Amino acid sequence: MSIDLQTLSISKAHSALVKGEYSAVELAEAYLSEIKKKNEALNAYLEVFDDVIEQAKAADARIKKGEATMLTGIPLAVKDNILIKGKRVGSASKILENYVASYDATAIAKLKEAGAVFLGRANMDEFALGGSTENSAYGVTKNPHDTTRVPGGTSGGSAAAVGANLALAALGSDTGGSIRQPASFCGVVGLKPTYGAVSRHGLMAAVSSFDQIGPIAKTVEDAEIIFNCIKGQDIFDSTSMEIQNMKHGTWNIKKITIGIPKTFTEMEGISLEVSKNFQESLAHLKKSGFVIKDIELPNVRYSLPAYYIINFAEVSTNLARFDGVKYGFHMAGKNLLEDYRNTRGLGFGPEARRRILLGSYVLSSGYYDAYYNKANQVREIIRADFAKAFSEVDVIATPTTPTVAFKIGEKSNNPLSMYLADIFTTAANLGGIPAISIPSGFAKREGKELPLGLQLMGAYGHDQTLFDVGKAFQAVA
Ligand code: GLN
């Protein structure tokens, strides 16, 4: 039986599975055959698991018993920084070569309980540092819409897999845009949940005060289904909490007001095609009945420098544990110091080493106050800006990225220009608020249609508002 993967969504697959139109094994086989055809060219997966059919068989048994959940038998890709017990996992870094996870991340445990099928490990920028997947130790992932371009990053493998129908949905992680930016570049939906909504237990830490696991999917509805499965308070993550979701139907979606921070969205450096597409998206939102209102986020322009200082600081501390003694790659030296030097010098790629150095600098005595403390003060000011804005509007809209997907190699030798590509995404991580990227159309470049994305940010804990507005947007866009 041939399954049309292009138009498939989780709810469609679920209904076909429970009706017996095809089995979970057949669905998994359909994805495995696409992976076989396309993964060599795209490099979205670092590994396809050898027990996919076994997992699908277990899902079929559950469906037969009438015990299927919405996610039973749904084939997913998992970013290489999320632990699945007994599987290799390595944050696309050499320093974790041959490392095998000894437990399930909480998000994975919840998906297992729901009966999801894990297809394989998706490529990423090493330790979730980057914006193009070029920082993987295992080669760049290609954008399915134009293989000369990057898929975005750091969850580039996850987004490319979903965009190319090599998975029905995926898990990614977002520290400063790593779910939303690749989702935008690959023409799919990506959600960074409210900080704390999803447990970070079993997610390899990059920047603990920003990191969140979230879904990458083809529709807003699919992202919502996965989010509702993986969210929740967890005793293994003290920063996790139960967020109070607004329920459907208890409020009037048409009364929602969408704020546009013009000084931000009309900044220099945003490409013409992105600006034009953003105006079209606003027209669609108006057509759906939403009120559009200008707002001010006076300090949001400082989010990028503040984000990167905090990022470097936390990355340098979090990566200190990779010393070749406890796990992963080890290159012996004549003494302990040389051991560390060899292991970390050869095990980490250039971007990880750059951030460890810069992080050690901003945390060093004498510079701690000037940089790290200052950046944390800016974080508080940005949070206050958001709190004020969300007392006037329900949702804030911006483009997800300032340009379409860039060429492979275009920014890899210029870290600053790579960092600038995160201009719209980092603010939500500083604010701890939820943000979603939704496909908003295409721009033509060199005969290729390249996807663009609309970013919607919500108030703290209001992930559900983003789903509701996002679904209304997808219905008309
Ligand atoms: N591009 C950003 C960075 O390099 C975001 C990364 C992420 O969200 N993991 O830090």
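Atoms considered below: every heavy atom in the structure, side chains included; atoms not considered: hydrogens, waters and symmetry mates. Worth saying up front: this structure is predicted, and the values here are computed from it rather than measured. Counting from 1, the numbers follow the sequence of the chain as shown. For ligands, and for the atoms within them, numbers begin at 1 and follow the listed sequence.
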_How far is atom 6 (C) of ligand 1 from the closest protein heavy atom, and which atom is that?_
S178 OG, 2.9 Å
_Heavy-atom proximity to atom 1 (N) of ligand 1, best of G176, S132, G177, G130_ = G130
_D125 contact mode with ligand 1 (heavy-atom cut-off under 4.0 Å)_ = neither
*Which ligand 1 atoms does A128 reach within 4.0 Å, using its non-hydrogen atoms?*
6 (C), 7 (C), 9 (N)
*Scan side-chain atoms only and decide if K79 and S155 contain a donor-acceptor pair under the 3.5 Å cut-off.*
yes
*What's the verdict on side-chain hydrogen bond (donor to acceptor under 3.5 Å, both in side chains) for T398 and Q455, showing C-alpha distance, side-chain angles and the deciding distance?*
CA-CA 5 Å; T398 71; Q455 174 175 244; 2.9 Å; yes
_Suppose we call two aromatic rings close when their centres sit under 6.0 Å apart. Are F210 and Y307 close by that rule?_
yes
*Examine distances only and state if a side-chain atom of S240 and a backbone atom of D237 form a donor-acceptor pair shorter than 3.5 Å.*
yes
*asked:* Test your reading of the structure: does G131 have an N or O sitting under 3.5 Å from an N or O of ligand 1?
replied: no
*Can you tell me how far the CD1 atom of I356 sits from the CD atom of E351, to the nearest 0.5 Å?*
10.5 Å
_Run the side-chain contact (heavy atoms from CB on, under 4.5 Å) test against P399 and tell me which residues pass, sequence neighbours left out._
T265, V274, F278, F424
*asked:* Tell me whether the count of non-hydrogen atoms from other residues, nucleotides or ligands lying under 6.0 Å of CZ in R353 goes above 12.
replied: yes
_F210 and ligand 1 - part of the residue with a heavy-atom distance under 4.0 Å_ = neither
*Does any N/O atom on N311 come nearer than 3.5 Å to any N/O atom on ligand 1?*
yes
*Nearest protein heavy-atom contact for atom 2 (C) of ligand 1: which residue, which atom, what distance?*
D422 OD2, 3.1 Å
*Under 4.0 Å, heavy atoms only, figure out whether ligand 1 is touched by the backbone of R355, its side chain, both or neither.*
side chain
_Among all protein heavy atoms in this structure, tell me which lies nearest to atom 3 (C) of ligand 1, with the distance rounded to 0.1 Å._
Y308 OH, 3.3 Å
*Partners of F406 by ring-ring contact (aromatic ring centres under 6.0 Å, His included), sequence neighbours excluded?*
F185
*Subset of ligand 1 atoms that lie under 4.0 Å from at least one heavy atom of T154*: 6 (C), 9 (N)
*Among protein heavy atoms, which sits nearest to atom 10 (O) of ligand 1, and what does the distance come to when rounded to 0.1 Å?*
Y307 OH, 2.7 Å
